[in-house]
Protein chains: 2
Amino acid sequence: MDPSCTCELCELKGLFFENLEGDQLDMICSGKVEKEFSQGESIIKEGTMIKDFVYLKSGLVKQFRSDSYGKEQIISISKPFDYVSLLSVFSNDQYNYSVSALEDSVTCNIKMEDIKSIASDNGNLALNLLKKMSKVADKIILDSLAIRTKHLRGRVAFLLIYFSQDVYFSSEFDLPLSRKEMAEYVGMTTENVIRSLSEFRRDGILKIYGKTIHIVNMDTLKSIAEFG
Amino acid sequence: MDPSCTCELCELKGLFFENLEGDQLDMICSGKVEKEFSQGESIIKEGTMIKDFVYLKSGLVKQFRSDSYGKEQIISISKPFDYVSLLSVFSNDQYNYSVSALEDSVTCNIKMEDIKSIASDNGNLALNLLKKMSKVADKIILDSLAIRTKHLRGRVAFLLIYFSQDVYFSSEFDLPLSRKEMAEYVGMTTENVIRSLSEFRRDGILKIYGKTIHIVNMDTLKSIAEFG
DNA sequence: ATCATATTATGACAATTATCATATCGTTTC
DNA sequence: GAAACGATATGATAATTGTCATAATATGAT
């Protein structure tokens, strides 16, 4: 094996390439390109040709698209170990969504041809991809159903809990989204996101310092996310 | 090859099993079970163990789940050539959704072990599955985003256009959903679905005879789906 | 520092949607 | 056929959400 290959040491190897050895790993390793993006930078643009299979090594990204009015809708937020160039990649030749960096991020890019050629030789890797993809797609669908049934306050609560429990593992964190982006994600207006946050602050559920959120009363917030 | 195998003649063979020959095709063929369901019958129940990979040979089905209030939400409607047991199948051990027949339907059921064992031997088949699955998941996500941005009348219009253009290929058809189910699909109340239909009738866009819908003015309906 | 600009914030009001009550129609059951 | 039931239908009203106006605060450029 190529001794200069660093993929063997990559903590994300197990994500897709568990069953990869020798020549196949060398192929991925020599063909891969790592790219860095600063906060706010565009990673993938809706409508461009798909050339690479992209996954996130570090940082946080949003996937989004424009609706028929030109307004942006956020489809999902992904952290490392989640896909980035997920769904369209195996069925389309161009991206259905855009992706951009919510925090400074690093991606690993592998040519689609390489992935496809290896997957067709290595069924276990293909099955692994299938498993991972279905999990990610499922989460997007279930989250979108969950959001749909909630009232506005519940949607904002849902989002705050997500950041606290799944992304930052703390009751205090900096929101990676503007109020406007939060609105684009949960399908409401910016004003109503702000109003919901203000109400939570007024009711002693949150402390808010600009983008910094401190969840004081998680239990109440959870019951709002569930029923309110 | 087993001469009694009928899979070779199945018009859906190309869907997933294009690249299947000899022993592998025999394995699928001898293990498969076809099942018939009458309109309204349950095909898959949320929460039960996944044993089979199921696809639809004929008919029409809905996939749905219950929200935290116990209310049903329809996730998607599938016709033949679309998946039935789509997403959860490769990542979960139990179903996240239920499936039931909107019309008399026939499914073909293949043991998950057989699919997995063949996919791990046959990367091209696995890639084919990946391609098909990502297409289906993508459609569900994009449809759900599209519905979310519309007002009530636009959602009902969207649904009617879907049935007319993608399922029945006619401007006159029998709705396979009750008004209540239509509401569960597009996220609104039954009363408002009925109201929207009544308005369309009043405005000369539709003729309605119970479950039979005749779209008289498709152009107007399309502009309502797009902007109204 | 100062200006211009975008984001956050709040209120008043309008539009949309849900809820509740009630009526009609069609189907099934006896 | 009559009774009972569920689906469809419509109106009145309440609740929710969006729109518009305006102000305060933060951010970035010069």
Side-chain angles (χ1 to χ4, degrees), chain A residues 38-41 67 69-74 102 147-160 174-203 205-214 224-225 227-228, chain B residues 38-40 62 67 69-74 102 147-160 174-203 205-214 224-225 227-228:
Chain A
S38 330
Q39 189 186 61
E41 250 189 292
D67 68 15
Y69 301 90
K71 217 183 122 190
E72 279 186 10
Q73 300 177 283
I74 296 182
L102 293 173
I147 287 171
R148 188 176 95 172
T149 57
K150 295 182 200 313
H151 287 175
L152 301 193
R153 285 159 53 87
R155 297 182 195 184
V156 175
F158 176 89
L159 204 45
L160 296 176
D174 281 5
L175 275 172
L177 300 179
S178 67
R179 312 294 194 258
K180 180 159 170 280
E181 287 173 311
M182 291 178 68
E184 286 166 355
Y185 187 35
V186 297
M188 51 196 277
T189 58
T190 308
E191 291 95 325
N192 281 329
V193 168
I194 292 169
R195 258 185 270 272
S196 298
L197 288 172
S198 299
E199 282 171 31
F200 292 159
R201 179 182 48 202
R202 196 197 54 205
D203 297 347
I205 298 167
L206 299 180
K207 291 186 177 170
I208 305 176
Y209 320 95
K211 289 219 176 293
T212 304
I213 298 287
H214 181 191
I224 291 170
F227 306 108
Chain B
S38 333
Q39 189 186 62
K62 65 170 176 176
D67 68 17
Y69 301 90
K71 220 182 119 190
E72 279 186 9
Q73 300 176 285
I74 296 181
L102 293 172
I147 287 171
R148 187 175 95 172
T149 55
K150 296 182 200 311
H151 286 176
L152 300 194
R153 287 160 53 87
R155 296 183 195 182
V156 175
F158 176 88
L159 204 44
L160 296 175
D174 281 5
L175 276 172
L177 300 179
S178 68
R179 312 294 195 259
K180 179 159 170 281
E181 286 173 312
M182 291 177 69
E184 285 165 357
Y185 188 34
V186 296
M188 50 194 279
T189 58
T190 309
E191 293 94 323
N192 281 330
V193 168
I194 292 169
R195 260 186 269 272
S196 298
L197 288 171
S198 299
E199 283 170 32
F200 292 159
R201 180 183 46 203
R202 196 197 54 207
D203 297 346
I205 298 166
L206 300 180
K207 291 188 176 168
I208 305 176
Y209 321 94
K211 289 219 177 293
T212 305
I213 298 286
H214 181 192
I224 291 169
F227 306 107

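Letters go in sequence order (proteins before strands), and every chain restarts at 1. What you are looking at is a predicted structure, and each value in this text was computed from that prediction instead of being measured.
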Test side chain to side chain contact (heavy atoms under 4.5 Å, CB included) applied to B/Arg155 and B/Met188, step by step: CA-CA 9 Å; B/Arg155 296 183 195 182; B/Met188 50 194 279; 4.3 Å; yes
Stepwise side chain to side chain contact (heavy atoms under 4.5 Å, CB included) check, B/Gln39 with B/Leu102: CA-CA 5 Å; B/Gln39 189 186 62; B/Leu102 293 172; 5.9 Å; no
Residues that B/Thr189 engages under side-chain hydrogen bond (donor to acceptor under 3.5 Å, both in side chains), provided they are two or more places apart: B/Asn192
Test side chain to side chain contact (heavy atoms under 4.5 Å, CB included) applied to B/Leu159 and B/Leu175, step by step: CA-CA 10 Å; B/Leu159 204 44; B/Leu175 276 172; over 6 Å; no
B/Lys62 with B/Glu181: basic N within carboxylate O range, under 4.0 Å: yes
A/Thr149-B/Asp67 side chain donor-acceptor pair, cut-off 3.5 Å: no
B/S/- contact track for nucleotides 4-11 of chain C, protein heavy atom under 4.0 Å: ----SBBB
Rounded (10°) bend between the five-pair end axes of the helix from C/dA1-D/dT30 to C/dC30-D/dG1: 50°
Residue A/Lys211 excluded, over 12 heavy atoms near NZ under 6.0 Å: yes
Residue pairs fulfilling salt bridge (Lys or Arg N to Asp or Glu O under 4.0 Å) with at least one residue in residues 187-200 of chain A, sequence neighbours excluded: A/Arg153-A/Glu199
Range on DNA chain D touched by chain A - first to last nucleotide, heavy-atom distance under 4.0 Å: D/dT17 to D/dC20
Step-by-step side chain to side chain contact (heavy atoms under 4.5 Å, CB included) determination, A/Leu160 to A/Leu197: CA-CA 10 Å; A/Leu160 296 176; A/Leu197 288 172; 4.0 Å; yes
Atom-pair distance (CG on A/Asn192; C1' on C/dA15), nearest Å: 13 Å
Qualifying residues under side-chain hydrogen bond (donor to acceptor under 3.5 Å, both in side chains), relative to B/Asp203, sequence neighbours excluded: none
